Amino acid sequence: MRAVVFDIDGTLLDSVDLHAAAWVEAFAHFGIEAEARAVRSQIGKGGDELMPVFVPADRLARQGAEIEAYRSDLFKRAYLARVKPFPGVRALFERIRAEGLTPALASSGKRDEVEHYQEILGIADLVAVATSSDDAERSKPHPDIFAAVLEKLGNPPPDTVVVVGDTPYDAEAAGKAGLATVGVLCGGFPEADLSAAGCIAIYRDPQDLLDGFDASPLAPSPLPGPDRTPPA
């Protein structure tokens, strides 16, 4: 093991419902009806992959950039202040650093959002590498963001890097880049969906992963231990 790459929204931050609400409100502003549950199921993708699910192609070509800009501004104005870290995030990053591993971030969010999130999480001093949608031509579930992370990490062998994410899109994108994914349930996606997408282990949240670190895929030398996959 050389590096651990984290998604942010739904993995480290309790923000999925807020992002979904912002998208629903933004779509409504442009006269587009979208159910909250349907939008929530798409959170984890970037706007380039999420909007085509709800916006007709011809309209997307005309107004896609405008809708995304409105949604981004709306989230910062009305929702960002309500975003909170999940328990155990900083302690988990400290443990990763103590084990000699490199912690990195790979988010479908914009660069300024990723920078602000590091401050909210209190991990800016612990993160070695951070990439965002600005570093990738296509967002998750395409592998571009993880290819960018690997490049910034110095292109280590893929089997020495593990991704931690909360959505099937994280696991799908990581798998296309040759990376294994540890799933967390705190983002709200069912365990079955994460397993089907290829997650090699599943934990409740960052604190649960920290508590079971020695027996997890993140440990340099995993110790024998009970299955840490939570019950369905």
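Keep in mind that this is a model prediction, so the values were computed, not measured. In this chain, residues are counted from 1 in sequence order.
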Do V5 and M1 belong to the same hydrophobic cluster, where Ile, Leu, Val, Met, Phe, Trp and Tyr are linked whenever their side-chain heavy atoms lie under 4.5 Å apart, directly or via other members? no

In terms of hydrophobic clusters joined by side-chain contacts under 4.5 Å, are V163 and V114 together? no

Answer yes if the side chains of H142 and E49 hold a donor-acceptor pair under 3.5 Å, and no otherwise. yes

Please assess E151 against N155 for the test side-chain hydrogen bond (donor to acceptor under 3.5 Å, both in side chains), listing each intermediate value before the final yes or no. CA-CA 5 Å; E151 183 175 357; N155 292 309; over 6 Å; no

Y117-V127 co-clustered via ILVMFWY side chain contacts under 4.5 Å: yes

Could you go through the side chain to side chain contact (heavy atoms under 4.5 Å, CB included) check for I145 and S133 one step at a time? CA-CA 7 Å; I145 193 68; S133 61; 5.9 Å; no

Is the side chain of T11 donor-acceptor paired with the backbone N or O of I8 at a distance under 3.5 Å, no angle test? no

Would you kindly confirm whether V184 and L101 end up in one hydrophobic cluster when ILVMFWY residues are joined by side chain heavy atoms under 4.5 Å apart? yes

Kindly compute the distance separating CG (L126) from OG1 (T102), expressed to the nearest 0.5 Å. 12.0 Å

Parallel, tilted or perpendicular for H29 and Y70, by the 30°/60° rule? parallel

Keeping the roles fixed (side chain from S139, backbone from G46), state whether a donor-acceptor pair exists under 3.5 Å. yes

As a quick check of understanding, evaluate side-chain hydrogen bond (donor to acceptor under 3.5 Å, both in side chains) for E25 and Y79, giving each step before the final call. CA-CA 11 Å; E25 186 174 343; Y79 294 94; 2.6 Å; yes

After noting the C-alpha distance and the side-chain angles of K84 and I120, does the key distance pass the side chain to side chain contact (heavy atoms under 4.5 Å, CB included) rule? CA-CA 7 Å; K84 304 295 181 184; I120 295 175; over 6 Å; no

Quick one: closest heavy-atom pair of S195 and I202, and the distance? OG-CD1, 3.2 Å

With no hydrogens and no angle check, is any side-chain donor or acceptor of K140 less than 3.5 Å from a backbone partner on F146? no

How long is the straight-line distance from CZ of R111 back to CG of D135, given to the nearest 0.5 Å? 5.0 Å

Less than 4.5 Å apart, side chain to side chain, heavy atoms only: is that true for R59 and M51? no

Any donor and acceptor pair, going by atom type alone, linking the side chain of R40 with main-chain N or O of A20 inside 3.5 Å? no

Quick one: do R204 and D211 satisfy salt bridge (charged side-chain N to carboxylate O under 4.0 Å, His left out)? Show the steps, please. CA-CA 11 Å; R204 287 187 298 274; D211 292 342; 5.7 Å; no

Where do P158 and L179 come nearest, in terms of heavy atoms and distance? O-CD2, 3.4 Å

What is the minimum heavy-atom distance between D125 and R97, and which atoms define it? O-NH1, 3.8 Å

Would you say the side chain of F93 lies within less than 4.5 Å of the side chain of F6, judging by non-hydrogen atoms? yes

With a 4.5 Å limit on heavy-atom distance, are the side chains of L185 and E191 in contact? yes

Flag, side chain of S41 to backbone of A38, donor-acceptor distance under 3.5 Å: yes

As a quick check of understanding, evaluate side chain to side chain contact (heavy atoms under 4.5 Å, CB included) for V55 and F30, giving each step before the final call. CA-CA 10 Å; V55 183; F30 289 90; over 6 Å; no

Can you list the steps and then say if R82 with D14 is a salt bridge (charged side-chain N to carboxylate O under 4.0 Å, His left out)? CA-CA 9 Å; R82 295 155 57 189; D14 188 0; over 6 Å; no

Return the CG to CZ distance between L60 and F54, rounded to the nearest 0.5 Å. 12.5 Å

Answer yes or no for K45 and Y169: cation-pi contact, defined as NZ/CZ to six-membered ring centre under 6.0 Å and angle to ring axis within 45°. yes

Can any side-chain N or O of T131 pair as donor or acceptor with the backbone N or O of L105 at less than 3.5 Å? yes

I would like to know whether L13 and F86 meet side chain to side chain contact (heavy atoms under 4.5 Å, CB included); could you show each step before the answer? CA-CA 6 Å; L13 284 177; F86 288 118; 5.6 Å; no

Using 0.5 Å steps for rounding, measure from the CG atom of L80 to the OG atom of S72. 10.0 Å

When every non-hydrogen atom of D144 is compared with those of A136, the smallest separation belongs to CB-CB, 3.6 Å

Locate the shortest heavy-atom distance separating L92 from P206; write the atom from each residue and the value. CD2-O, 4.0 Å

Polar contact flag, side-chain donor to acceptor under 3.5 angstrom, D170-T181: no

Would a hydrophobic clustering, with Ile, Leu, Val, Met, Phe, Trp and Tyr connected at side-chain separations under 4.5 Å, put V149 with V4? no

When rounded to the nearest 0.5 angstrom, what distance separates OG1 in T167 from CG in D193? 10.0 Å

Taking everything shown except R77 itself, do over 12 heavy atoms lie less than 6.0 Å from its CZ? yes

Considering non-hydrogen atoms only, spot the tightest contact between D7 and S107 and give its length. OD1-CA, 4.4 Å

More than 12 heavy atoms of other groups within 6.0 Å of K152 NZ: yes

Can you tell me if E94 has over 12 outside heavy atoms packed within less than 6.0 Å of its CD? yes

Inspect the contact between D214 and R95 and indicate whether a charged nitrogen and a carboxylate oxygen are less than 4.0 angstrom apart. yes

Between atom CD of Q42 and atom CZ of R37, what is the distance when rounded to the nearest 0.5 Å? 14.0 Å

So, do E99 and F213 sit near enough that their side-chain heavy atoms are less than 4.5 Å apart? yes

